[in-house]
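Notes to accompany the following structure.
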There are 2 protein chains.
Amino acid sequence: MVRKRVTLAQVAAEAGVAVSTASLVLGGRAADVRISAAAQERVQAAAERLGYRPNAVSVGLRKGRTSTLGFISDSVASSRLAGEMIKGAIEAARDRGFMVFVGETGGNVTLERQLLEAMVDRQVDGVILAALLTHGRELPDGLDQTPAVLLNIAVDDCGDLPVVLPDELQAGRDAAAALIDAGHRDIHLVGSGPGREDVRTISVAAKLRLDGILEVLTAHGLEPASGRAINQWLPPEGYAAVESILESGTPGAIVCFNDRLAMGVYQALQDHGLRIPDDVSVVSFDDASIAGWLRPGLTTVALPHRTMGKRAADVLIDVIEHHRATPDERGPHGVQLVPMPMRVRGSIRDLSA
Amino acid sequence: MVRKRVTLAQVAAEAGVAVSTASLVLGGRAADVRISAAAQERVQAAAERLGYRPNAVSVGLRKGRTSTLGFISDSVASSRLAGEMIKGAIEAARDRGFMVFVGETGGNVTLERQLLEAMVDRQVDGVILAALLTHGRELPDGLDQTPAVLLNIAVDDCGDLPVVLPDELQAGRDAAAALIDAGHRDIHLVGSGPGREDVRTISVAAKLRLDGILEVLTAHGLEPASGRAINQWLPPEGYAAVESILESGTPGAIVCFNDRLAMGVYQALQDHGLRIPDDVSVVSFDDASIAGWLRPGLTTVALPHRTMGKRAADVLIDVIEHHRATPDERGPHGVQLVPMPMRVRGSIRDLSA
DNA sequence: CTGTTAGCGCGTTCAG
DNA sequence: CTGAACGCGCTAACAG
């Protein structure tokens, strides 16, 4: 069933040259050593005829580089967004000739160590350490054995490692600005706030989004009409928040800290006979699948997971190929902030129109 | 920055023995050759002290086996479900000491070939070929170069390859039975039907689900009150279907062919002032994230993606380790049907209560 | 310009 | 019971 692979030696024999000659020709370095055109021709033909493909394992052993990356995250399956991050990384890697091992820890630190070891054992050229659930965290031992990039992980001491993060602060500003530019002044927060310190969740996203929102509100002489720090950002919590807001009258606009909260907000508003965006405007964060399925479509600031994954792989490969980001010459790395684009759908009413 | 790896030779030197001796001890084959307890002790200690880990690339080259799998699918990021499939495969692989390369084709056949080649070049021990979008399809060339398993791919000629599929037929039966057991008789179909041939979509799932539903209905002397074959299974289509159904009165129960259709059905029912499950019962397929977020929770027959991924990896590793599933001795492989469990939430009203 | 030689790190004979 | 020697498939020195 499994056909035997053709080796370089067989190609050389077929072409009637030495192995090293074949190696040079096939390695594209024939020009350097000026091998006769005839020999080159014969080698190429033989390789073609036999269907020769270099054995990457052998090359890896010889060169000490395997053109292989490791991607370790705490969750690959939790959402479409997680998948996008991996997808971006895999695609960028492929475009540069790298394959990637994917591992998932579920937040288990021991497992993380084991995966890292398993990958280092397989001589990966570098590792992307990513997170979707956990944000603040410790870095595993053994990360110093290989080039590495942190993806969506904010740590106090990143030890000179490149870090790729979404620009949550700017996203917060953009969300608030979208509402204010449309003429809104009565702005309620669901998920965090109203004060700068009202962030009960572990996520750093919450804090930065809130900071951005408050910065813009303040700049316009405003403050949130209300705010609710919530630990679980799921539909039921969004639903409950709206019921609580409605006790003091109909809100003009609501900023939800993620799309799942927004879904609950939609449900509650609907149950109370309020229309979006005619009665209430809503803006949110993440751009999860539901954002496009809700009616009306939810205007939301997208988490650019795909781009982040791509960026992480690109940075890592740069480090690998150019030996950049060493402790002394940091170069263009460090923290890379990826912009979060606004997806404008139909949930904000323009009062100035 | 990158610490040099410790080699077996260094361990042997440190322990004052020959490399082969160290190899035997560390390979757990000391008993076979009866190596002196003292030497064993010294080797183990040296390995421990130096933090020795075998170089998997070298072992791969030497043994021709790399403890590595390839996972190629048309989409890793399209949904949480896709991620679950990969996750299941990765976990099962890890439990048996394998790492997995993940590749994504986006349905591009050329890319698929290239990925397959890249993996075979890296000497993967086997490949899982998976699909989420495409169902009927051609098998790529080069799949005969390595052990392989088909995951969620139904092909006419699978060429003796093991295949893992969800049991959609039984799922159809279960969905219909859930409604009938609850006393429903007025059953409408959204996505396919009403006739056996009214399946416009490419997916085989549609056909099997429909067959299962019709089988049970027929067994009870019933037929669908209505049915709609739809190509796109998204919320707007579900919404439109309900509006069409309502022209002939309020339906008793609706079977949606997937959860996204069901979401549209929920929205339409709500917009028309109908309550679920009091006025209309709904059952669906897939168990996507939204199924749990909708209010009331959607009762749905789950696609067991996680289990399927796990099964595929297990079958593949069985083949690799025991040389099973060769053309002549098929063994327990062939088509593996994974049961689709019913997730009972709150969208079916029990009329008999 | 080409062929011979020497490893990369490991497992496996086969003599001592 | 142990060590020396060979080769997995390939690349990179070095001679010829």
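Chain naming here is simple, since letters A, B, ... match the order of the sequence lines and numbering starts at 1 in each. Computed from heavy atoms alone, side chains included, the values below leave out hydrogens, waters and symmetry copies.
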* Should B:Tyr52 be listed as having a side-chain N or O under 4.0 Å from OP1 or OP2 of C:dG9? -> no
* Under 4.5 Å between any side-chain heavy atoms of A:Thr68 and A:Phe98, yes or no? -> no
* To do: Assign A:Val17 to base, sugar-phosphate, or nothing according to its heavy-atom contacts below 4.0 angstrom with the strands shown.
  => sugar-phosphate
* **Heavy-atom side-chain proximity of B:Ile86 to B:Phe71 below 4.5 angstrom** => yes
* Asked: Is B:Ser23 touching bases, backbone alone, or none of the nucleic acid, heavy atoms closer than 4.0 Å?
  -> base
* Asked: Is there a side-chain polar atom (N or O) of B:Thr7 under 4.0 Å from OP1 or OP2 of C:dG9?
  -> no
* Taking for each residue the nucleotide of DNA chain D with the nearest heavy atom, is it B:Ala39 or B:Ser58 whose nucleotide lies nearer the 5' end? -> B:Ala39
* Using a cut-off of 4.0 Å on non-hydrogen atoms, how would the nucleic acid contact of B:Leu8 be classed: base, sugar-phosphate, or nothing? -> sugar-phosphate
* Check whether any side-chain heavy atom of B:Leu26 lies under 4.5 Å from a side-chain heavy atom of B:Val43, and answer yes or no. => yes
* To do: Without swapping roles, check the side chain of A:Asp74 against the backbone of A:Gly106 for a donor-acceptor pair under 3.5 Å.
  => no
* Asked: Within the structure shown, what part of the strands sits under 4.0 Å from B:Ser20 by heavy-atom distance: base, sugar-phosphate, or nothing?
  -> base
* To do: Using a 4.0 Å heavy-atom cut-off across all strands, classify B:Ile35 as base, sugar-phosphate, or nothing.
  => sugar-phosphate
* Structure fact -> Among C:dG3, C:dC10, D:dC10, the one nearest any side-chain atom of A:Thr21 is C:dG3
* To do: Check whether any side-chain nitrogen or oxygen of B:Ser36 sits under 4.0 Å from OP1 or OP2 of D:dC1, and answer yes or no.
  => no
